[in-house]
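Worksheet: the structure to be examined is printed underneath.
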Amino acid sequence: MKIATWNINGVKARIENLCQWLKDSDPDIACLQEIKSVDEGFPRGEIEALGYHVETHGQKGFNGVALLSKIKPDEVNRGLPGDETDEQARFIEGVFSVEGGVVRVCSLYLPNGNPSDDPIKYPYKLAWMARLEAFARDRMALEEPLILAGDYNVIPEPHDAKDPSQWVTDALFLPQTRAAFRRLENLGFVDAVRATNDETPLFSFWDYQAGAWQKNNGIRIDHLMLSPEASDRLRSTAIEKHVRAWEKPSDHVPVVGHFHF
DNA sequence: ATGGTAGGGTACCTA
């Protein structure tokens with residue numbers, strides 16, 4: 001089974017690329033972020049025509065996440081628990097029946113947090129990460145294959161950036177951000193791409209600005225975090241960076257994991 | 001060099 005995460009930066013602007021990628025890459029489950037659409041505006045017909053079930057958690061203009069899957073989820077939950085006043089659509093969870101049990105897959109869009117000296121944005125990022133850690137701890141107790149997939153807006157290590165010195169005051173790379181990400185790992189989650197690749201650097205995002213793609217000035221911020229039960233079944237991973245060279249690309253590329261499910 | 005580009009939605013906000 002192939003499970004992927006991709007920040008598509010606007011589903012309406014990316015529908016042609018998205019459909020082409022679904023045909024080429026043929027994921028069983030695709031976790032999307034930044035759909036930038038309300039649920040009613042999501043172009044589900046084109047995606048359903050390719051054989052996918054569609055579950056969305058959208059909002060107007062910004063954010064928004066989705067789960068596309070060849071098998072229909074048994075259960076879907078929208079929103080990250082822990083703050084009923086949070087109206088930003090950044091989290092959706094699906095439970096899928098597979099041979100021998102279930103796999104639980106979450107598509108998450110972690111807050112960017114910049115500018116990092118903003119009195120609202122960076123604290124919101126850290127609070128969201130604390131809620132994610134609490135959620136992950138709860139789910140870990142189920143002892144199920146669990147995949148927390150998404151745009152984490154976290155550069156885990158210096159070698160996950162072409163030029164780490166550019167990022168020292170950035171919310172994606174501040175010590176507190178990286179420490180919160182490590183706390184998630186220390187619950188027992190495995191960074192699937194890092195666990196299956198010795199090579200560095202590996203990037204999943206190249207800014208639209210200043211020729212970042214042409215200069216390979218990238219960062220690795222899109223991650224597949226696996227519970228031990230999911231990690232046991234991991235075969236390989238890939239970063240499909242050729243998609244960044246397509247016409248009208250997203251600034252992120254798909255990150256995929258192959259599993260023995 | 002302190003910019004640059006893109007999406008959403010129609011004035012700026014977010015990234």
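Order of the sequence lines sets the chain letters (A, B, ...), proteins ahead of strands, with each chain counted from 1.
Separating the CG atom of A/L172 from the P atom of B/dA15 is a distance of 10 Å, rounded to the nearest angstrom. In this entry the distance linking CZ of A/F62 with P of B/dG8 reads 11 Å, nearest Å. Residue A/Y208 contributes atom OH, which lies 12 Å from atom C1' of B/dG8 at whole-angstrom precision. When rounded to the nearest whole Å, the span between CD of A/E34 and C1' of B/dT5 equals 14 Å. In this structure, CG of A/N9 is placed 15 Å from P of B/dT14, rounded to the nearest angstrom. Rounded to whole Å, the distance from CG on A/D251 to P on B/dT5 is 14 Å. Between the CD1 atom of A/I35 and the P atom of B/dG8 there is a distance of 11 Å, rounded to whole Å. Atom CG of A/D222 is separated from atom C1' of B/dA15 by 13 Å (rounded to the nearest Å).
Applying the 6.0 Å contact sphere to CD of A/E75 captures more than 12 heavy atoms from other residues, nucleotides or ligands. For A/Q20, the CD atom counts as densely surrounded, since its 6.0 Å shell holds more than 12 non-hydrogen atoms of other residues, nucleotides or ligands.
In this structure, B/dG3 forms no base pair with any nucleotide, since neither Watson-Crick nor G-U wobble geometry is met with both distances under 3.5 Å. The partner of B/dT10, taking Watson-Crick or G-U wobble pairs whose two distances both stay under 3.5 Å, does not exist in any strand shown.
Contact check, A/K36 against B/dG9: no side-chain N or O comes under 4.0 Å of OP1 or OP2.
For A/K121, the listed nucleotide lying nearest its side chain is B/dA15; candidates were B/dA15, B/dG7, B/dG4. Minimum atom distance to the side chain of A/K60 is reached by B/dG9, of the listed B/dG7, B/dT14, B/dG9.
Rounded to the nearest Å, the gap between the P atom of B/dA15 and that of B/dA1 is 30 Å. B/dG4 sits 25 Å from B/dG9 when the P atoms are compared, rounded to a whole Å. If you take atom P in B/dG3 and the same atom in B/dG7, they sit 23 Å apart, rounded to whole Å.
Between A/A13 and A/N114, the residue anchored closer to the 5' end of DNA chain B is A/A13, taking for each the nucleotide with the nearest heavy atom. Nearer the 5' end of DNA chain B, as judged by each residue's closest nucleotide, is the contact made by A/G10, out of A/Q88 and A/G10.
Separating the OG atom in A/S69 from the OH atom in A/Y52 is a distance of 9.0 Å, to the nearest 0.5 Å.
Aromatic ring pairs are classed by plane angle as parallel below 30°, tilted from 30° to 60° and perpendicular above 60°; the pair A/H223 and A/F181 is tilted.
Ring centroid separation for the pair A/F261 and A/F96 does not come in under the 6.0 Å cut-off.
Nucleic acid contact for A/F205: none, since no nucleic acid atom lies under 4.0 Å from a heavy atom of the residue. Within the nucleic acid shown, A/R90 comes within 4.0 Å of sugar-phosphate atoms alone, with no base atom in reach, counting heavy atoms only.
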